[in-house]
Structures are given as structure tokens and as C-alpha cells.
Amino acid sequence: MHVPEVQATSEEVVETEYEEASQNKVGQTREYDTISYLVIHHTATRDDLTASQMKLSMRRTYIDNRWGTVIPTHFIIDKRGNLERVNPINKIVWATLNDIANAEGIHIELVWDFNKHQPTDDQYNTLNSLINRIEHEVWWYLPIKCHGDFQPKNCPWINFDFSR
């Protein structure tokens, strides 16, 4: 049986080449003085997943099925405000299609879809507590960015209140 060869689109080729280039630093450690900001993401998933379930889901997606080397975030906060540490903050993760964001950012995932819903008070409280802990650990203030600041993506900004 003859299986026709499938040609990748130019977008797929660029994305694959970018992934390969970006992944060169993924998993490596970095000095704290190279960390420049916190990057907030949302999972765009159901709200009933706990932080540990989300971590397992991300592991299955990015490591088991896509052969990544690390789960692409540092922390996960679920709807009830439970926090799951995924990677040490000095480890580089591939969380965006932007090398600078990956190399210089600490990435925090909040479980739920904030294009349709608002984060819970528990999520905001845990996030603020986590930000204080991280800034205490690195010894300086870190500006807060969203995933959408580094690539065209509504993550998490439609219903996310950055003033909180």
C-alpha cells in the first residue's frame, strides 16, 4: 500500500524549526539575575481540574506525547487556590513561542478559561502570595506580563484583572 508523502506548510516548518531552536535551552538552569518578569497564563480548560491534575495533564501532553523535556510552566494554581510547583524558578521552560519570554520569565498557569470566566478570589489570593514569595526569593520586584504580551494569543487577559 502506497502512503502519500505529506508536505508540511511553511507555518508548520517555521514552528518546528523554532521549537527545535527554542528547546536548546529548555531544561537548563539560569541565574536569578537573568529572570526579568512573571508571565501569567490560563489553561483554557475546565475549572474542575485540580492543580495536580493539571500538572499530570500537561505532563502527558508535553512530555509523553510531544517528547518535551519539561512541563512548560513553573507553577499551577487551580480554581480553589491550590498551588502546585512544577519546576524550580531557575529552570528554563518552553511556555511561549518567544525565546526571551522563556529564558527570562517565571511562568504561572491558572486553571480555567479566562476568555469566558473570571479568576476566583482564591486564585488571585494564591497568585499574589506566590508573587511575594518569588520576589523575596529573587530579591527584586518582577513586572507581571501575560502570555499574550509575547505572541498573539488571548492568554489570559480578557477577564483577568491585572490590578488585583
Is a side-chain N or O of T61 found less than 3.5 angstrom from the main chain of S57, in a donor-acceptor match? yes
Would the distance check show the side chain of H42 and the main-chain N or O of F114 forming a donor-acceptor pair, the cut-off being under 3.5 Å? yes
Tell me the closest heavy-atom pair linking N82 and A51, and the distance in Å. O-CB, 3.6 Å
Give me the atom names and distance for the closest heavy-atom approach of V111 to Q123. O-NE2, 2.9 Å
Are L49 and I108 connected into the same hydrophobic cluster when the rule is that any two of I, L, V, M, F, W, Y join if their side-chain heavy atoms are below 4.5 Å apart? no
For K91 and V26, what are the C-alpha separation, side-chain angles and deciding distance, and is it a side chain to side chain contact (heavy atoms under 4.5 Å, CB included)? CA-CA 8 Å; K91 182 175 278 197; V26 170; over 6 Å; no
Could you please spell out the steps behind the side chain to side chain contact (heavy atoms under 4.5 Å, CB included) verdict for L110 and T43? CA-CA 6 Å; L110 284 84; T43 61; over 6 Å; no
Other cluster members, Y141 - Ile/Leu/Val/Met/Phe/Trp/Tyr, side-chain contacts below 4.5 Å: none
Measure up the F160 and Y124 rings against each other and bin them: parallel (under 30°), tilted (30 to 60°), perpendicular (over 60°). tilted
Does M58 share a hydrophobic cluster with I63, counting links as ILVMFWY side-chain heavy atoms below 4.5 Å and allowing steps through other members? yes
CZ on R59 to CE on M54, rounded to 0.5 Å: 14.0 Å
Separation between CG (L130) and CG (N125), nearest 0.5 Å, reads 12.5 Å
Tell me which donor-acceptor pairs under 3.5 Å the side chains of residues 142-149 have, and how far apart each pair is, sequence neighbours excluded?
| residue | atom | partner | partner atom | Å |
| --- | --- | --- | --- | --- |
| H147 | ND1 | H41 | ND1 | 3.0 |
| H147 | NE2 | Q151 | OE1 | 3.1 |
| D149 | OD2 | C146 | N | 3.0 |

Show the atom names and distances, to 0.1 Å, of all donor-acceptor pairs under 3.5 Å that link a side chain in residues 83-90 to residues at least two apart or in another chain.
| residue | atom | partner | partner atom | Å |
| --- | --- | --- | --- | --- |
| N87 | ND2 | I71 | O | 2.8 |
| N87 | ND2 | T73 | O | 2.7 |

Under 3.5 Å, is there a donor-acceptor pair between the N98 and T96 side chains? no
Ignoring hydrogens, what is the shortest heavy-atom contact between A95 and P72? Give both atom names and the distance. CB-O, 3.3 Å
Distance, nearest 0.5 Å, that separates OG1 of T29 from CD1 of I92: 7.5 Å
Who pairs with D33 by side chain to side chain contact (heavy atoms under 4.5 Å, CB included), at least two apart in sequence or on another chain? E31, W140
Please test D64 against W67 for side chain to side chain contact (heavy atoms under 4.5 Å, CB included), starting from the C-alpha separation and ending with a verdict. CA-CA 6 Å; D64 299 345; W67 303 283; over 6 Å; no
Pairwise side-chain contact, V70 with Y62, heavy-atom cut-off 4.5 Å (strictly under): no
Taking D99 first and then K25, would you say they form a salt bridge - that is, a charged N and a carboxylate O separated by under 4.0 Å? no
Roughly how far apart are I106 CD1 and F75 CZ, rounded to 0.5 Å? 7.0 Å
Under the side-chain hydrogen bond (donor to acceptor under 3.5 Å, both in side chains) definition, can you give me all pairs with a residue in residues 126-137, not counting sequence neighbours? Y32-E137
Output for pair (K79 NZ, D47 CG), nearest 0.5 Å, gives 3.5 Å
My understanding is that only residues two or more places apart in sequence, or in another chain, count here; which of them pass side chain to side chain contact (heavy atoms under 4.5 Å, CB included) with S36? E104
Thinking salt bridges, do R80 and D78 make one under a 4.0 Å N-O criterion? no
Would you say L38 and I134 make side-chain contact, with heavy atoms under 4.5 Å? yes
Supply the atom-to-atom distance H74 NE2 to E109 CD, rounded to the nearest 0.5 angstrom. 11.5 Å
